[in-house]
Visitor: 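Below you will find the structure I want to go over with you.
Keep in mind that what you see is a predicted model, and the values were worked out from it rather than measured.
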Amino acid sequence: MPHMHPLQQAKTFDFVVNDRITSTSMWKRMESLVEGTSALSMTKTEKPFLGAREKTLQYVMNYKPENKDVKHLRVLLFGPVGAGKSSFINSVNNIIRGRMSVFAATSATTSDKSFTRSFETHQIRTGRGTSKAFYPIVFNDIMGLEEGTDHGVRAEDIKLAMMGHMKEGYKFNHQTPLSERDPGYNQNPSPDDKVHVLVCVLSANSAEITDSVLQKMKDIREMARDLGIPQMAIVTNIDCACAEIEKDLKNVYKSKHLKKKMSEFSSAVGISMNCIFPMKNYSEEIDLDDDVDTLILSALKHVIDFGDDFIESMQMENS
């Protein structure tokens, strides 16, 4: 039997079973909100998406870790090349700052090679001038998972990043993993350096994930499990995968095609359906959109919930 983190043995994280709706009930609940309701017939205040946006945005904006040793909830994003990791960071930044911006560098071209080459921490700035501050969630963007054993980020490097041993700016080397002798190795990581939630990013519009990439994802998830780190997934590009969603984003929970795609992801990757969140990153828009925000904020709220549970468990373990 694989070694498990002691906190996992005590409780297999409340986010899996407690106060969380199942995948089937989640889908039916959201279907009931939009079933038989025309977007044209709804007033602005009647749109279920709009009401959810304001409530969730307030929840997200009010978040702050309550562990004195942790200033930021640290989120590590991983997934296949081109899944939308950097675009997700940019999208969250847009919503938190209330305007469109370019934050994490992204590539507008399709490639099987990762655009991100180094370990980067993205902090979201709030306020301006003397009132400038940083939002208490940081995102670590890493090199994408590429086809083959000799390409893309190595699973061993992701484990070291999760443990807080990887320094900012470390350049990934697919031939050699980070070692203790490397200047990019953090010998004494603090609780703030460690990853508090692992997020797998997948594209609904991508081709079938290859066996070698799936194996890397499985290895990474098992490493996170052994460290006790909670995991979830976000599915991007849902508008590109389904014509009905492209026509109206509120059709997301009515789409049988997307539900089937997410179920396939769940089976292939091993993440339960109630921990997979569909969304669309900002890409073509020049202004913020309430419906786009609603899905992103839903995913972000659960990132906060899962990560904060882990931060709290760290505090209990050290007390």
Visitor: What pairs with Tyr185 under ring pair (Phe, Tyr, Trp, His ring centres under 6.0 Å), at least two apart in sequence or on another chain?
Guide: His165

Visitor: Apply side chain to side chain contact (heavy atoms under 4.5 Å, CB included) to residues Val195 and Phe310 and explain how you reach the verdict.
Guide: CA-CA 9 Å; Val195 169; Phe310 184 65; over 6 Å; no

Visitor: Heavy atoms, side chains only, cut-off 4.5 Å: are Val70 and His196 in contact?
Guide: yes

Visitor: Step by step, would you call Tyr282 with Val292 a side chain to side chain contact (heavy atoms under 4.5 Å, CB included)?
Guide: CA-CA 8 Å; Tyr282 278 103; Val292 174; 3.6 Å; yes

Visitor: Any side-chain heavy-atom pair from Met223 and Leu198 closer than 4.5 angstrom?
Guide: no

Visitor: Just so I know, are the side chains of Gln231 and Arg225 near enough to count as touching, which here means a heavy-atom distance under 4.5 Å?
Guide: yes

Visitor: Determine whether a donor-acceptor pair (N or O, by modelled atom type, separation under 3.5 Å) exists between the side chain of Asn94 and the backbone of Ser101.
Guide: yes

Visitor: For Asp219 and Gln215, does a side-chain donor sit closer than 3.5 Å to a side-chain acceptor?
Guide: yes

Visitor: Side-chain donor-acceptor pair under 3.5 Å between Asp192 and Ser190, yes or no?
Guide: no

Visitor: Give the C-alpha distance, both sets of side-chain angles, the deciding distance and a yes or no for side chain to side chain contact (heavy atoms under 4.5 Å, CB included) between Phe139 and Ile124.
Guide: CA-CA 9 Å; Phe139 295 90; Ile124 299 176; 4.1 Å; yes

Visitor: Any idea which heavy atoms bring Met232 and Ala299 closest together, and the distance?
Guide: CE-O, 3.7 Å

Visitor: Apply side-chain hydrogen bond (donor to acceptor under 3.5 Å, both in side chains) to Asn205 and list each qualifying residue two or more places apart in sequence or on a separate chain.
Guide: none

Visitor: Rounded to the nearest 0.5 Å, how far does CE of Met279 lie from CZ of Phe88?
Guide: 5.5 Å

Visitor: Contact between Met163 and Leu227 at the side-chain level, heavy atoms closer than 4.5 Å - yes or no?
Guide: yes

Visitor: For Met262 and Leu258, run side chain to side chain contact (heavy atoms under 4.5 Å, CB included): C-alpha distance rounded to whole Å, both residues' side-chain angles, the deciding distance at 0.1 Å, then the answer.
Guide: CA-CA 6 Å; Met262 290 174 62; Leu258 180 61; 3.9 Å; yes

Visitor: I'd like to know whether CG of Asn62 has more than 12 heavy-atom contacts from other residues, nucleotides or ligands below 6.0 angstrom.
Guide: yes

Visitor: Tell me which pairs pass salt bridge (charged side-chain N to carboxylate O under 4.0 Å, His left out) where either residue lies in residues 57-76, with sequence neighbours left out.
Guide: none

Visitor: Quick one: pull up NZ in Lys280 and SG in Cys240 and give me the separation to the nearest 0.5 Å.
Guide: 6.5 Å

Visitor: Would you say Tyr63 and Val303 make side-chain contact, with heavy atoms under 4.5 Å?
Guide: no

Visitor: Any heavy-atom pair between the side chains of Lys261 and Val235 that's under 4.5 Å?
Guide: no

Visitor: What is the minimum heavy-atom distance between Pro65 and Ile311, and which atoms define it?
Guide: CB-CD1, 4.4 Å

Visitor: Residues in side-chain hydrogen bond (donor to acceptor under 3.5 Å, both in side chains) with Glu222, at least two apart?
Guide: none

Visitor: Are Ile96 and Ile234 joined in one hydrophobic group, where the rule is that I, L, V, M, F, W and Y side chains link up if heavy atoms are under 4.5 Å apart?
Guide: yes

Visitor: For Ser179, is there any backbone N or O sitting under 3.5 Å from a side-chain donor or acceptor partner on Asp182?
Guide: no

Visitor: For Glu180, does its backbone N or O pair with a side-chain atom of Gln187 as donor and acceptor, under 3.5 Å?
Guide: yes

Visitor: Where do Asp141 and Lys85 land on the salt bridge (charged side-chain N to carboxylate O under 4.0 Å, His left out) test, with the steps shown first?
Guide: CA-CA 7 Å; Asp141 192 11; Lys85 297 182 293 298; 5.2 Å; no

Visitor: For Leu178, is there any backbone N or O sitting under 3.5 Å from a side-chain donor or acceptor partner on Asp157?
Guide: yes

Visitor: With a 4.5 Å cut-off on side-chain heavy-atom distances among I, L, V, M, F, W and Y, is there a chain of contacts connecting Phe134 to Leu73?
Guide: no

Visitor: State, yes or no, whether a side-chain contact exists between Cys200 and Ile271 at a heavy-atom distance under 4.5 Å.
Guide: yes

Visitor: If you apply the rule side chain to side chain donor-acceptor pair (under 3.5 Å), what do you find for Ser255 with Glu244, and how did you get there?
Guide: CA-CA 7 Å; Ser255 171; Glu244 287 300 307; over 6 Å; no

Visitor: Considering residues at least two apart in sequence or located in another chain, which fulfil the side-chain hydrogen bond (donor to acceptor under 3.5 Å, both in side chains) criterion with Lys260?
Guide: Glu264

Visitor: Atom CZ in Phe119, atom CD1 in Ile158: separation rounded to 0.5 Å?
Guide: 10.0 Å

Visitor: With rounding to the nearest 0.5 angstrom, report the CD1 to CG distance, Ile238 to Asn281.
Guide: 10.0 Å

Visitor: Keeping Ser91 on the side-chain end and Ser87 on the backbone end, is there a donor-acceptor pair under 3.5 Å?
Guide: yes

Visitor: Under 3.5 Å, is there a donor-acceptor pair between the side chain of Thr236 and the main chain of Ala83?
Guide: yes

Visitor: Evaluate side chain to side chain donor-acceptor pair (under 3.5 Å) for Asn186 paired with Tyr170, printing each intermediate quantity in order.
Guide: CA-CA 10 Å; Asn186 180 9; Tyr170 169 74; over 6 Å; no

Visitor: Suppose we screen for side-chain hydrogen bond (donor to acceptor under 3.5 Å, both in side chains). Which residues come up paired with Asn237, at least two apart in sequence or across chains?
Guide: Ser203

Visitor: Under 4.5 Å between any side-chain heavy atoms of Thr294 and Thr56, yes or no?
Guide: no

